[in-house]
Participant: 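Okay, handing you the structure first.
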Protein chains: 2
Amino acid sequence: MKTTPYHHGALKEALIAAAEAILRRDGLNALTLRAAAREAGVSHAAPSHHFGDLTGLLTELAASGFQRFGDQLRTARAAADSKRWDGARAYMAFAQENPALFQLMFRSDRLDGSNPIFREARVKALSVLADVHQAPVMQPSLEQLGAMLSGWSLIHGYTLLLLDGRLTPVLGIAPEGTTPENLLEAVLSAADKRRIAPPDGA
Amino acid sequence: MKTTPYHHGALKEALIAAAEAILRRDGLNALTLRAAAREAGVSHAAPSHHFGDLTGLLTELAASGFQRFGDQLRTARAAADSKRWDGARAYMAFAQENPALFQLMFRSDRLDGSNPIFREARVKALSVLADVHQAPVMQPSLEQLGAMLSGWSLIHGYTLLLLDGRLTPVLGIAPEGTTPENLLEAVLSAADKRRIAPPDGA
DNA sequence: GCCTATATCTTTACGCTGTAAAGATACATT
DNA sequence: AATGTATCTTTACAGCGTAAAGATATAGGC
């Protein structure tokens, strides 16, 4: 009767899964090393052997988030037979399905920006956004960078305002039954007229 | 020789100032009730009498941030003799001058959203953004809301990406000497073509 | 002027946290 | 089979939020 074998076998993955469950259920404030250890059924000091400190755990969790985020963005891009790429919708959808995780992924003060796994997952995910409209250029002009960033800034800002509850009053005064997706569509169409025009102006 | 009088006199304000100093100097992780008390030179339990708990302190600090934020946005609007209102620049400028505070102001999981002082300061500040292009309407259309939110989402997203360091690599490949302001200007001009067109499209 | 009520601040205490160090156990390699 | 290494537990300590009780200054009634 070995209810709890001494060696877990895949404790690192189990701890990351436990951490995500806590993050989703109780929020970032409740996500502690000891809570993750309890959730995984190991002693409170076990996580340190796999992640070093709390920042290490959060960073690996964020890395796994960026991996899935990138996958979903790529899937959305592949399925884009509509005239407008709806990566924006995929961006918001991931954030809505994983609100606390998404916010953690962009909180550099709680993450270890030097972690190579995290860095790779992040650039891989975010590069999906960058190479939508143009191949990577060595010496892009300010205009090109501005066009590239305006889309990202727009969807990122909308998403974070939504997660932070800042759009709740707006949705309240919007026409009956307006969803965040509807509102995003309106935001995009308001900002999207320029996409039709050639890159260097009307 | 009463070096430390028992009654401080204006401890609440002193604690908020101390909290802001810590936030600026050491970041949000280091901003604790006890650290604020140390910085203000009082016992570690003194803050609880003025703020209740840590959330209370953070909320009042965020409220004071929103007050100054609103002031600066109003000032920028008043000085807008240029053709394009440069509230976006003021938005980013405040965030750059108070990066940790700005991020705290939009972290609803650390704040008490029911605090009336906080609520009032926030709506007062953010309403400056709303009534730029139109008077408040009772039953706005989705298109009107989309146009209103697209500007806010854009500048908010750009600002947070900048604060989070996500634009650093972009600035690295940008033309020599490009500043965040330059890049913001490019982002705005890329997204601003629509302002000229009538609200319901080309 | 004095006396009491109240507000403000300190002291003490407790459980939780991160983290380090040392001990125990399973695995892996020879 | 023996030994080294990786993995996990136990123990320990300081810092944290927070509650409760004690100390001190202010304020108001007389």
Side-chain angles (χ1 to χ4, degrees), chain A residues 1-23 25-62 100 104 107 109-112 114-115, chain B residues 1-23 25-62 100 104 107 109-112 114-115:
Chain A
M1 172 177 173
K2 35 185 345 193
T3 53
T4 48
Y6 204 97
H7 275 45
H8 187 286
L11 182 55
K12 189 170 182 179
E13 291 72 19
L15 284 171
I16 293 178
E20 183 171 357
I22 295 168
L23 183 62
R25 182 184 351 111
D26 305 320
L28 182 58
N29 297 332
L31 177 44
T32 66
L33 279 179
R34 291 169 108 106
R38 275 193 299 270
E39 184 95 5
V42 293
S43 81
H44 69 265
S48 75
H49 295 279
H50 293 278
F51 305 104
D53 57 3
L54 178 57
T55 299
L57 172 58
L58 296 181
T59 303
E60 297 242 21
L61 178 54
L104 172 64
R107 291 195 34 119
D109 59 324
R110 301 297 299 272
L111 305 176
D112 175 16
S114 71
N115 182 314
Chain B
M1 172 173 175
K2 35 185 347 194
T3 51
T4 48
Y6 204 96
H7 276 45
H8 186 286
L11 182 55
K12 188 171 184 178
E13 291 73 19
L15 284 170
I16 293 178
E20 184 171 356
I22 294 168
L23 182 62
R25 183 183 352 112
D26 306 317
L28 182 58
N29 296 333
L31 177 44
T32 65
L33 278 179
R34 291 169 111 106
R38 274 194 299 271
E39 183 96 5
V42 293
S43 81
H44 70 266
S48 75
H49 295 278
H50 294 278
F51 305 104
D53 57 2
L54 178 57
T55 299
L57 172 59
L58 297 181
T59 303
E60 297 242 21
L61 178 55
L104 172 64
R107 292 198 29 132
D109 58 324
R110 302 297 298 272
L111 304 176
D112 175 16
S114 71
N115 181 315

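Please read all numbers here as calculations on a predicted model, not as lab measurements. Values reported hereafter were calculated over all heavy atoms of this structure, with side chains retained and with hydrogens, waters and symmetry mates removed.
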Participant: Nearest-Å distance, CG (B:Leu11) to C1' (C:dT10)?
Facilitator: 12 Å
Participant: How about B:Leu28 and B:Arg110: do any of their side-chain heavy atoms sit closer than 4.5 Å?
Facilitator: yes
Participant: Does any non-hydrogen side-chain atom of A:Ile22 lie less than 4.5 Å from one of A:Thr32?
Facilitator: no
Participant: Between B:His49 and A:Ser48, just flag the one whose closest nucleotide in DNA chain C comes earlier from the 5' side.
Facilitator: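 Its nearest nucleotide lies further toward 5', so the answer is B:His49.
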Participant: From the list D:dT9, C:dT8, D:dA20, which nucleotide is the closest neighbour of the side chain of A:Ser43?
Facilitator: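 Ranking D:dT9, C:dT8, D:dA20 by closest atom to the A:Ser43 side chain puts D:dT9 first.
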Participant: Return the polar atom pairs (N/O with N/O) between nucleotides 15-17 of chain D and the protein under 3.5 Å, or none.
Facilitator:
from, atom 1, to, atom 2, distance (Å)
D:dC16, OP1, B:Arg38, NH2, 3.2
D:dC16, OP2, B:Arg38, NH1, 3.2
D:dG17, OP1, B:Leu33, N, 2.9
D:dG17, OP2, B:Leu33, N, 3.3
D:dG17, OP2, B:Arg34, N, 3.1
D:dG17, N7, B:Arg34, NH1, 2.4
D:dG17, O6, B:Arg34, NH1, 3.1

Participant: Taking all non-hydrogen atoms of both residues, which atom of A:His44 and which atom of A:Ala37 are closest, and how far apart?
Facilitator: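 Heavy-atom minimum between the residues: CA-CB, 3.7 Å.
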Participant: Between A:Leu15 (CG) and C:dG18 (P), how many Å, whole number?
Facilitator: 13 Å
Participant: Whole angstroms only, please: what is the NZ-P distance between A:Lys12 and D:dC8?
Facilitator: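 Interatomic distance, NZ of A:Lys12 to P of D:dC8: 12 Å.
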Participant: In Å, rounded to the nearest 0.5 Å, how long is the span from CD of B:Glu39 to CD of B:Glu20?
Facilitator: 11.5 Å
Participant: Measure the distance from CZ on A:Arg110 to C1' on C:dT17 and round it to the nearest whole Å.
Facilitator: 12 Å
Participant: I need the A:Leu23 CG to A:Ile16 CD1 distance, nearest 0.5 Å.
Facilitator: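 So the CG of A:Leu23 and the CD1 of A:Ile16 are separated by 12.5 Å.
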Participant: Taking all non-hydrogen atoms of both residues, which atom of B:Ser43 and which atom of B:Pro47 are closest, and how far apart?
Facilitator: O-CD, 3.7 Å
Participant: Expressed as a whole number of angstroms, how long is the span from B:Phe51:CZ to C:dA7:P?
Facilitator: 18 Å
Participant: For B:Leu58 and D:dT18, what is the distance between atoms CG and P respectively, to the nearest whole Å?
Facilitator: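 Rounded to whole Å, this separation is 10 Å.
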